[in-house]
Participant: 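Just passing along the structure, written as structure tokens.
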Amino acid sequence: MTTSFDDIYERFFRKVEEDPDFFEYYNCTEEEALKLAQERASGYLDEAVSTLAIRLTGFADVDFFDKDDSVFNFELVNTEIEILARMMFVIYLERDIAKLKSVINSMTSTDIKMLYSPANERNSFDAMLKNYKINTEAMITRYLAVDRETGKPKRIEYEDI
């Protein structure tokens with residue numbers, strides 16, 4: 001059995017579906033826009049696989065580098081798909097930090113301007129990203145503690161040590 005990258009892209013796309021910039025391309029058909037979105041997602045997936053493989057070195061039950069151009073050469077479980085999609089989303093968000101757009105406010109009240117200040121916007125974004133990373137790391141830690149197929153806790157066999 002194999003797992004298509006499309007399964008992971010689909011999960012990732014649900015995470016970015018509210019961002020019109022990710023899916024809107026000028027002078028493109030819907031099919032062309034989807035192809036461009038998949039090409040962008042492919043880069044995020046490559047980076048996520050490398051990061052996850054390093055994070056799981058010595059602990060993983062599978063080799064995440066065992067893949068071809070469009071499929072993993074083994075069947076990923078739902079948790080692995082979710083972890084990769086979440087890691088792709090983190091990578092996507094981290095790239096947005098550099099291009100954070102401040103809200104242009106034409107009102108004169110300093111209180112309202114403070115509400116929409118670029119510093120507040122960046123701090124909110126940073127806090128959201130940090131929380132998302134913490135939750136993703138917790139998911140990876142839980143993943144490492146259970147058998148990937150059964151979901152049952154792993155046991156340490158002391159006589160094997």
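Residues take their numbers from the sequence shown, with the count starting at 1.
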Participant: Check the pair T136 / F89 against side-chain contact (heavy atoms from CB on, under 4.5 Å), numbers first and verdict last.
Facilitator: CA-CA 10 Å; T136 301; F89 189 59; over 6 Å; no

Participant: So does R11 pair up with D6, basic N to acidic O under 4.0 Å?
Facilitator: no

Participant: Do D63 and N73 touch side chain to side chain, with heavy atoms closer than 4.5 Å?
Facilitator: no

Participant: Return the minimal non-hydrogen interatomic distance between M88 and A41, and the atom names on each side.
Facilitator: CE-O, 3.3 Å

Participant: State whether R86 and E137 are salt-bridged, where the test is any N-O pair (Lys NZ or Arg NE/NH1/NH2 against Asp/Glu carboxylate O) under 4.0 Å.
Facilitator: no

Participant: If every non-hydrogen atom of D147 is compared with every non-hydrogen atom of K154, which pair is closest and at what distance?
Facilitator: N-CG, 3.8 Å

Participant: Taking atom CD of E18 as the centre, report whether more than 12 heavy atoms of other residues, nucleotides or ligands fall under 6.0 Å from it.
Facilitator: no

Participant: By side chain to side chain donor-acceptor pair (under 3.5 Å), which residues pair with K133, not counting sequence neighbours?
Facilitator: E94

Participant: Taking only residues two or more places apart in sequence or in another chain, which ones pass side chain to side chain donor-acceptor pair (under 3.5 Å) with N131?
Facilitator: none

Participant: Using salt bridge (charged side-chain N to carboxylate O under 4.0 Å, His left out) as the criterion, list what pairs up with R142, not counting sequence neighbours.
Facilitator: none

Participant: Does CD belonging to E30 count more than 12 external heavy atoms closer than 6.0 Å?
Facilitator: no

Participant: Give the minimum heavy-atom separation between L56 and F64, together with the two atoms involved.
Facilitator: CD1-CE1, 3.6 Å

Participant: Taking D46's backbone N and O only, do any of them form a donor-acceptor pair with S50's side chain (distance below 3.5 Å, no angle check)?
Facilitator: yes

Participant: Taking a hydrophobic cluster as the set of Ile, Leu, Val, Met, Phe, Trp and Tyr residues connected by side-chain heavy atoms closer than 4.5 Å, whether directly or through intermediates, do F12 and V71 fall within one such cluster?
Facilitator: no

Participant: With sequence neighbours left out, what residues match K67 under side chain to side chain donor-acceptor pair (under 3.5 Å)?
Facilitator: none

Participant: Ignoring hydrogens, what is the shortest heavy-atom contact between F72 and I8? Give both atom names and the distance.
Facilitator: CE1-CD1, 3.3 Å

Participant: So do E149 and D61 actually touch side chain to side chain, heavy atoms under 4.5 Å?
Facilitator: no

Participant: Hey, any chance M139 and V146 share a hydrophobic cluster, counting ILVMFWY side chains that come within less than 4.5 Å of each other, even indirectly?
Facilitator: no

Participant: For side-chain contact (heavy atoms from CB on, under 4.5 Å), just list the numbers for L84 and L76, CA-CA rounded to whole Å, side-chain angles, deciding distance to a tenth of an Å, and then say yes or no.
Facilitator: CA-CA 10 Å; L84 286 170; L76 273 74; 3.6 Å; yes

Participant: Mind listing the closest non-hydrogen atom pair of F5 and D68 along with its distance?
Facilitator: CZ-O, 3.5 Å

Participant: Do I83 and F65 land in one hydrophobic cluster if side-chain heavy atoms of ILVMFWY residues count as linked below 4.5 Å?
Facilitator: yes

Participant: Are L45 and V77 connected, step by step, through hydrophobic side chains (Ile, Leu, Val, Met, Phe, Trp, Tyr) whose heavy atoms are closer than 4.5 Å?
Facilitator: no

Participant: Where do R148 and T79 land on the side-chain contact (heavy atoms from CB on, under 4.5 Å) test, with the steps shown first?
Facilitator: CA-CA 8 Å; R148 67 180 290 272; T79 303; over 6 Å; no

Participant: Go through F74 and T3 one step at a time and tell me if the side-chain contact (heavy atoms from CB on, under 4.5 Å) criterion holds.
Facilitator: CA-CA 6 Å; F74 59 94; T3 299; 5.9 Å; no

Participant: Working to the nearest 0.5 Å, report the span between CG of L129 and OG of S124.
Facilitator: 12.5 Å

Participant: To check you understand the geometry: which heavy-atom pair defines the closest contact between A33 and C28, and what is its length?
Facilitator: N-CB, 4.2 Å

Participant: Evaluate salt bridge (charged side-chain N to carboxylate O under 4.0 Å, His left out) for R95 paired with E47, printing each intermediate quantity in order.
Facilitator: CA-CA 12 Å; R95 290 189 180 151; E47 197 170 331; 2.5 Å; yes

Participant: Test of understanding: with ring-ring contact (aromatic ring centres under 6.0 Å, His included), list the residues that count as partners of F59, not counting sequence neighbours.
Facilitator: none

Participant: Just jot down the side chain to side chain donor-acceptor pair (under 3.5 Å) partners of E75, sequence neighbours excluded, or say none.
Facilitator: none

Participant: Run the salt bridge (charged side-chain N to carboxylate O under 4.0 Å, His left out) check on K35 and E31 step by step: do they pass?
Facilitator: CA-CA 6 Å; K35 179 115 173 96; E31 293 80 23; over 6 Å; no

Participant: Could you check whether any side-chain N or O of E10 sits under 3.5 Å from a backbone N or O of D7, counting only pairs where one atom can act as donor and the other as acceptor?
Facilitator: no

